[in-house]
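Model, not experiment: these values are computed from the prediction.
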Amino acid sequence: MKIIDISVPISRKIPIWPKVPKPRFTLISSIEEGDIANDTQLHMSVHTGTHVEAPRHFLRKGKTIDQMAIDLFIGPVFVVCLPKVKKISGVDLEKLKIPKGVTRLLIKTSNSLLWKKEATKFTKNYVGLTISGANWISKRKIKLVGIDY
């Protein structure tokens, strides 16, 4: 089994959603100051870096992240590449011939270039799902989708 870690490191330079404060790192204990260990407190929005949009983020009665089973996030995944699309539609997804029964989908797009450039400012013109793309995924009972921005 190959394990794919899609996380992006958290730093003060990471691009974040507009109006959300940058992550803050506060040293709360220090060996140099006589403490038995070094410890850092992290303050950040849950929408910083690699994160999950729980259904509650968009749905009034949707599940919150603590109500979601951890096994949703671990298991076989189908990875596709859509390097030239600006918005991911149902038509785009249909062309990929994703096998029936796929329940987890990772989509690599031109967004990946933003990470390679180490952009520090949030890019509003990113590739994401259209309503038809979201409907396509929902009809196929795909329970987890990851996009690279």
V8 backbone acceptor or donor facing T50 side chain under 3.5 Å:
yes
State whether the side chain of R56 and the backbone N or O of K63 hold a donor-acceptor pair below 3.5 Å, judged by distance alone.
no
P55 and K61, any side-chain heavy atoms less than 4.5 Å apart:
no
Is the backbone N or O of G49 less than 3.5 Å from a side-chain atom of H51, with the two atoms forming a donor-acceptor pair by type?
yes
Flag, side chain of K143 to backbone of F73, donor-acceptor distance under 3.5 Å
no
State the CG-SG distance between L96 and C81, to the nearest 0.5 angstrom.
9.0 Å
Transitively linked via ILVMFWY side-chain contacts under 4.5 Å: V85 with F78?
yes
Stepwise side-chain contact (heavy atoms from CB on, under 4.5 Å) check, I147 with V127:
CA-CA 8 Å; I147 303 177; V127 179; 5.6 Å; no
Taking CD1 in I74 as the centre, count heavy atoms belonging to other residues, nucleotides or ligands within less than 6.0 Å. Is the count above 12?
yes
Within-4.5 Å side-chain heavy-atom neighbours: I137 and N135:
no
Side chain N38, main chain I31, donor-acceptor under 3.5 Å
yes
side-chain contact (heavy atoms from CB on, under 4.5 Å) assessment of D148 paired with I107:
CA-CA 7 Å; D148 51 357; I107 305 171; over 6 Å; no
Do any N or O atoms from the side chain of D35 and from the backbone of S30 form a donor-acceptor pair under 3.5 angstrom?
yes
Could you name each residue pair satisfying ring-ring contact (aromatic ring centres under 6.0 Å, His included) that touches residues 9-37, not counting sequence neighbours?
W17-F122
Exam field: side chain R24 to backbone Q41, donor-acceptor pair closer than 3.5 Å
no
Backbone of I88 reached by a side-chain donor or acceptor of T130 within 3.5 Å
yes
Take R140 and K100 through the test side-chain contact (heavy atoms from CB on, under 4.5 Å) and record every step on the way to the result.
CA-CA 8 Å; R140 279 142 192 88; K100 289 184 185 205; over 6 Å; no
Tightest non-hydrogen contact, residues V102 and I142, listed as O-CG1, 3.4 Å
Counting only heavy atoms not in K87 (residues, nucleotides, ligands), do more than 12 fall under 6.0 Å from its NZ?
no
Strictly distance-based, threshold 3.5 Å: is any side-chain N or O of D39 a donor or acceptor partner for the main-chain N or O of S29?
no
What one should report as the nearest heavy-atom pair of G62 and Q67 is O-OE1, 4.3 Å
Kindly say whether N125 contributes a backbone atom to a donor-acceptor pair with the side chain of T123 at under 3.5 angstrom?
no
